Amino acid sequence: MGRLILVLWPLALMDILFHVPAIAIAASAVFFLYLAASLAGSSLMNQLLAGAIALAALLVALEDGAPLSLASAFTHTLVFAAFVPSAQLLRTVAESDPRVLSFRDRLQATDPRARPAWLLVGANVLGSVLAIGSVAILSPVFADPVDATARREDAVSAVAGTALALTWSPFFVALAVVASFLPDVPLWQVILVGIALSAAGILLALLMLRTPAPLRTALAALVALRDFVPLVLVAGAAVVLLRSVSPLSSLEAACLAIPVLCLMLVLSRAEAAGRRRAAGRALFAATAARITNIGADVAIVALAFTLGLVLRESPAVAELIAASGLNALSPLAILFLVPLSMIAASMLCVHPIVSASIMLAVFAGRHPGLADVVLVGAVLVGWSASAMVAFSGLLLMVTMSFGGLTRGQLILGRNMIFAPAFASLGALLLNALNMTIATY
């Protein structure tokens with residue numbers, strides 16, 4: 001059943017391009033079967049999480065007396081059948097890119113005292129495209145396992161850098177999902193705010209690392225990535241442009257732009273035409289092998305997105321929020337509450353997409369004193385901070401497997417302090433932005 005994603009991917013792309021109702025209904029039915037089969041063969045943790053999300057959505061729909069709203073909301077999740085495979089294709093292409101491997105070689109030659117800072121900056125830039133694959137790429141340059149303290153610092157820095165990319169990269173599920181909940185917010189605004197928040201987080205992390213000449217060290221890492229940064233900028237700009245000049249959502253724009261960008265990446269390599277064709281076939285085969293095992297992850301994302309849509313449109317939820325007094329909170333209180341609550345939820349093994357969906361459903365469009373782009377920034381800060389300390393988070397699991405570290409070593413350290421500190425800094429910066437927007 002895992003191979004169904006290879007059929008669903010082109011079907012979802014066709015739905016994005018042509019919006020034929022018959023294709024959407026048929027593809028959604030196949031998508032539902034694919035998700036159900038994937039969860040049936042997944043771990044108990046995934047099954048319990050998916051079941052809890054689905055039950056919550058069903059109970060809300062029944063409370064509203066509109067059970068069919070659940071099916072309507074689920075049809076909007078078909079886009080994930082294209083987005084997740086497309087993102088995996090981009091990751092596969094970038095992992096083997098000579099520009100990425102060149103940065104790793106330069107990192108290997110740096111002063112060991114500067115290596116955590118290089119890993120922080122490098123993981124942020126590479127992670128914007130590679131996502132959690134950045135940790136796999138950078139793990140060979142972690143300190144020797146004999147030096148447990150230094151190796152832990154390296155791994156924690158790579159985790160923080162990758163997680164901070166969540167605030168601005170259009171190739172993460174995080175930004176794509178959050179932007180889909182508030183489609184009227186221009187994507188370029190979300191990315192600019194995210195970049196500013198990520199830069200503030202990197203500066204805070206450099207200070208916590210006590211990096212010698214932190215700005216000079218960070219700039220040196222960026223210079224070492226000079227061949228890769230333009231590709232990130234072009235990729236991001238392509239998604240923003242497509243989103244701006246078409247009626248496509250952020251998710252849909254990324255689904256269409258990524259395969260084209262991957263083709264450009266392969267063609268831009270200094271190789272003979274025959275070798276490029278062979279490399280292209282190998283990359284597609286590697287992507288196909290990778291995405292046949294992502295069903296459970298896609299299921300959780302799709303179900304959480306469905307829950308968020310149901311919560312957002314629910315009259316019962318609107319009445320509950322009004323009765324709770326949450327609407328009366330000040331913007332600053334909301335900006336602290338959102339990310340800190342998401343961090344706490346992640347420590348209880350609640351997936352960030354679930355807590356993000358709830359936060360958006362509770363606050364989006366319900367507080368006139370809070371600008372939508374500011375709320376988006378708060379949720380992305382919460383998602384980023386959560387990824388650093390989530391007990392069941394995929395980023396930490398991958399880092400554990402490649403870094404030879406335990407979950408406790410990754411969580412119960414610097415990031416346990418850095419995550420809430422970044423959330424608090426983000427809240428203050430976003431509050432300043434909100435006040436500026438209100439003034440004008």
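These figures come from a predicted structure and were not determined experimentally.
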Sub-4.5 Å side-chain heavy-atom contact between L380 and L197: no
Centre-to-centre under 6.0 Å for F103 and F228, is that the case here? no
Would you check if L119 and E153 make a side-chain contact, meaning some heavy-atom pair closer than 4.5 Å? no
List the steps, then state whether side-chain contact (heavy atoms from CB on, under 4.5 Å) holds for V129 with V100. CA-CA 11 Å; V129 173; V100 174; over 6 Å; no
For the CG atom of L425 and the CZ atom of F422, what is their distance to the nearest 0.5 Å? 7.5 Å
Assign the ring pair F83 / F80 to parallel, tilted or perpendicular, where the plane angle (0 to 90°) is split at 30° and 60°. perpendicular
Backbone N or O of A371 within a donor-acceptor pair of the N434 side chain at under 3.5 Å? yes
Is there a side-chain contact between F305 and V79, using heavy atoms and a 4.5 Å cut-off? no
Quick one: OG on S355 to CE on M359, what's the gap to the nearest 0.5 Å? 6.5 Å
Straight-line distance of I16 CD1 to F18 CZ, nearest 0.5 Å: 11.0 Å
Would W118 and S157 count as having a side-chain donor-acceptor pair, cut-off 3.5 Å? no
I'd like to know if the side chain of S324 reaches the main chain of I321, judged simply by a donor and an acceptor atom lying under 3.5 Å from each other, with no hydrogens or angles considered. yes
Check for a donor-acceptor pair, side chain of D64 on one end and backbone N or O of A316 on the other, with a separation under 3.5 Å. yes
Testing the basics here: between L182 and A364, what is the closest heavy-atom pair and its distance to 0.1 Å? CD2-CB, 3.8 Å
Do L242 and L256 have side-chain heavy atoms sitting under 4.5 Å apart? yes
Closer than 3.5 angstrom, by distance alone: can the side chain of R312 be matched with the main-chain N or O of F181 as a donor-acceptor pair? yes
Might you work through the side-chain contact (heavy atoms from CB on, under 4.5 Å) test for I411 and L396, ending with a clear yes or no? CA-CA 8 Å; I411 294 177; L396 291 186; 3.4 Å; yes
What heavy-atom pair brings S386 and I343 nearest, and what distance separates the two atoms? OG-N, 3.5 Å
Could you state the interatomic distance from CD1 (I202) to CD1 (I195), rounded to the nearest 0.5 Å? 10.5 Å
Please state whether the rings of W9 and F284 are parallel, tilted or perpendicular, taking 30° and 60° as the class boundaries. parallel
Are the side chains of P420 and L340 in touch, meaning some heavy atoms are under 4.5 Å apart? yes
Would the number of heavy atoms belonging to other residues, nucleotides or ligands and lying under 6.0 Å from CZ of R226 be above 12? yes
Taking all non-hydrogen atoms of both residues into account, name the closest pair between C262 and L89 and its distance. SG-CG, 3.7 Å
Is there a side-chain contact (heavy atoms from CB on, under 4.5 Å) between T77 and F74 once you walk through the steps? CA-CA 5 Å; T77 67; F74 180 78; 3.6 Å; yes
Between R115 and L107 (side chain of the first, backbone of the second, donor and acceptor by atom type, cut-off under 3.5 Å), is there such a pair? no
Has S314 got a side-chain atom pairing as donor or acceptor with V310's backbone, closer than 3.5 angstrom? no
side-chain contact (heavy atoms from CB on, under 4.5 Å) for L430 and V193? Distances and angles first, verdict last. CA-CA 9 Å; L430 289 167; V193 169; 3.9 Å; yes
Nearest 0.5 Å please: distance from the CG atom of L332 over to the CE atom of M435. 9.5 Å
Roughly how far, to the nearest 0.5 Å, is the CD atom of E252 from the CG atom of L13? 10.5 Å
Note, S346 side chain near M342 side chain (heavy atom, < 4.5 Å): no
Grab the two heavy atoms, one from P214 and one from L206, that are nearest each other, plus how far apart they are. O-CD1, 3.8 Å
Go through it in stages, so that I can follow the logic: the residues are S198 and N124, the test is side-chain hydrogen bond (donor to acceptor under 3.5 Å, both in side chains), and I'd like the CA-CA distance, side-chain angles, deciding distance and then a yes or no. CA-CA 8 Å; S198 182; N124 186 260; 3.0 Å; yes
Quick check: closest heavy atoms across V232 and V125, and the distance to 0.1 Å? CG2-O, 4.2 Å
In terms of heavy-atom contacts, S180 and P183 come closest through O-CD, 3.5 Å
S384 side chain to A163 main-chain N or O, any donor-acceptor pair under 3.5 Å? yes
So I353 and V177, do their side chains get closer than 4.5 Å, heavy atoms only? yes
Does any N or O in the side chain of S341 come within less than 3.5 Å of the main-chain N or O of L337, such that one atom is a donor and the other an acceptor? yes
Answer yes or no: is there a side-chain heavy-atom contact under 4.5 Å between R151 and Q409? no
